[in-house]
Amino acid sequence: MSSTYRPTTRADETVYRPGRWLALSVLVLAVLLVAVDATVLGLATPFLSEDLEPTGNQLLWIGDVYSFVIAGLLVSMGSLGDRIGRKRLLLGGSVAFGAVSVLNAYATSPEMMIAARALLGVAGATLMPSTLALIRNIFHDPKERSLAVGIWGAMASAGAAVGPVVGGFLLEHFWWGSVFLINLPVMAVLVLVGVRLLPESRNAVAGPWDLVSVALSLVGMVGVVYAVKEASSHGPGPVAGAAAVIGVAALYGFVRRQLTLPAPLLDMRLFRNRGFSGAVLADLLTILGLSGLVFFLSQFLQLVQGRQPFEAGLAELPAAIGAVATGLVAGTVARRFSVRAVVAGGLAAVGLALAALTFVGQSTGYPLLGAALLVVGAGAGFSFTVTADVILSSVPKEQAGAASAVSETAYELGAALGIALLGSVLTGVYSGFATPAGVPADTASAAHESLGGAVEAAARLPHGEAAALLAAAQEAFVDGLRTAVGVGAVVLLATSVAAWFLLRGQKLAYGVEH
């Protein structure tokens with residue numbers, strides 16, 4: 001890849017594709033679809049817990065099975081898009097995503113909800129790699145692509161903001177399943193407009209789609225993540241050990257197979273690029289560190305501080321505002337200073353903001369929480385936008401789907417591991433609280449499963465006992481949240497240091513690619 005400057009001519013029409021910004025508007029609808037779905041689940045969790053009565057372990061599965069499945073399939077779906085066409089995969093996946101959202105909305109048991117979230121992961125695996133790969137193929141000018149990636153990331157953050165606000169409104173007026181049905185109008189617009197505006201792109205020499213590699217990738221990812229979840233929840237044991245062995249063996253087989261196939265699902269040589277590998281690792285660890293805050297913040301705002309769902313959604317807005325603002329200028333700032341300065345600085349800011357949240361309590365005023373969320377969003381906006389740009393710029397456009405899938409796999413694997421590890425940390429601290437005197441054993445057992453379970457259990461007790469049980473549960477939840485965000489702060493600050501060294505000398509491209 002070379003970078004030069006020259007005026008646009010008729011020969012450059014493939015570089016400056018007409019309608020490229022309108023096409024981008026369709027792609028960000030897909031991003032909104034995924035982002036809204038991810039954030040409304042957190043708000044709906046207390047209502048879902050009351051209706052479906054999941055155990056603490058089932059609640060974690062509802063939260064992370066989507067990430068388990070999507071992490072296992074992203075690489076396979078990214079390479080499938082390279083082969084059959086990214087537009088075709090995106091539009092087909094959008095229809096499936098909308099249909100499975102209905103199944104999520106009308107789930108009647110924890111088991112059905114877990115299965116529906118898993119199917120949503122299958123559909124979701126088709127969306128994000130396709131959007132980034134199409135951006136890579138639509139925008140050949142690196143500066144325009146940086147802006148497009150910034151808009152892509154900003155809209156993901158906007159979706160994260162719109163989800164809680166709209167979801168909060170729906171939860172105050174309808175049942176919890178309605179938060180999943182908001183995917184349907186977005187999906188309908190995406191498909192109807194995308195059919196006309198999106199250009200098709202594929203790798204003409206990609207070769208066949210290797211189903212053995214698909215199976216190895218899925219088994220490997222799910223096995224490893226499940227092992228981590230099982231070990232963190234119940235300690236090392238035969239089940240976690242068996243899952244770890246199966247997962248590692250499958251991933252080893254996947255890597256060996258990719259090195260021998262003439263047309264692999266994932267070209268392992270991509271990881272020889274230090275910038276590519278550093279950006280992927282930074283994304284994974286950042287999401288891991290943030291997961292404890294992201295997944296449990298809505299429960300804190302509603303069940304500890306007593307906010308209504310709509311108010312809780314508005315309270316989370318500063319993070320999205322910060323991410324949108326910095327995401328749009330991240331490419332320009334990275335060219336003005338350096339990639340590693342922007343990424344490492346952004347991650348350090350997130351880490352320090354998480355460290356500040358270790359002082360949060362039940363009666364903490366909103367200014368501290370809002371300021372910390374604003375810094376978290378701003379730092380993440382800088383980091384994620386620049387790392388996405390680095391990943392896309394590091395590979396030929398023919399491999400954009402596979403490279404984008406690696407990037408998204410880092411996000412989803414980080415989310416799954418973060419929810420498993422930090423969620424288990426929080427749950428472990430929470431479940432150890434002392435039961436107030438006079439609370440029946442069966443009621444105490446339900447209260448120790450989750451904070452939502454404690455709220456429901458307290459509603460069946462006399463006023464004095466209910467207040468004591470709820471106060472003990474809320475205090476334990478806050479202790480667990482502080483511990484989880486403290487661990488996240490350490491992870492983010494360590495990742496910042498690693499990014500400073502791994503991204504040394506990395507630059508974003510200038511000019512137009514020819």
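Worth knowing before you read on, the calculation uses all heavy atoms, side chains too, and leaves out hydrogens, waters and symmetry mates. This chain uses plain numbering: 1 for the first residue, then up along the sequence.
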Backbone of [Y] reached by a side-chain donor or acceptor of [X] within 3.5 Å:
| X | Y | result |
| --- | --- | --- |
| T326 | G322 | yes |
| S383 | A380 | no |
| R482 | V360 | yes |
| S496 | L492 | no |
| N104 | A116 | yes |

Problem set entry | For A240 against A227, the heavy-atom pair lying closest together |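 For A240 and A227, the tightest heavy-atom pair comes out as O-CB, 3.4 Å.
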Problem set entry | E311 atom CD, neighbour heavy-atom count above 12 within 6.0 Å |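 Buried by this count: over 12 neighbours within 6.0 Å.
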Exercise. Listed by chain and number, what are the ring-ring contact (aromatic ring centres under 6.0 Å, His included) partners of F477, not counting sequence neighbours?
Worked result: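 Listed in chain order: nothing, the list is empty.
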For this session: Answer yes or no: is there a side-chain heavy-atom contact under 4.5 Å between D479 and Y430?
Result: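 Side-chain contact under 4.5 Å: no.
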For this session: Would you indicate whether the side-chain heavy atoms of L90 and T131 approach each other to under 4.5 Å?
Result: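 The answer is yes, as the side chains (C-beta and beyond) meet within the 4.5 Å cut-off.
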For this session: Show your working on side-chain contact (heavy atoms from CB on, under 4.5 Å) between L493 and V497 and close with a plain yes or no.
Result: CA-CA 7 Å; L493 293 173; V497 175; over 6 Å; no
Exercise. Which side-chain hydrogen bond (donor to acceptor under 3.5 Å, both in side chains) pairs, counting each pair once, include a residue from residues 355-368, with sequence neighbours left out?
Worked result: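 For residues 355-368, and leaving out neighbouring residues, the side-chain hydrogen bond (donor to acceptor under 3.5 Å, both in side chains) pairs sorted by first residue read Q362-Q474.
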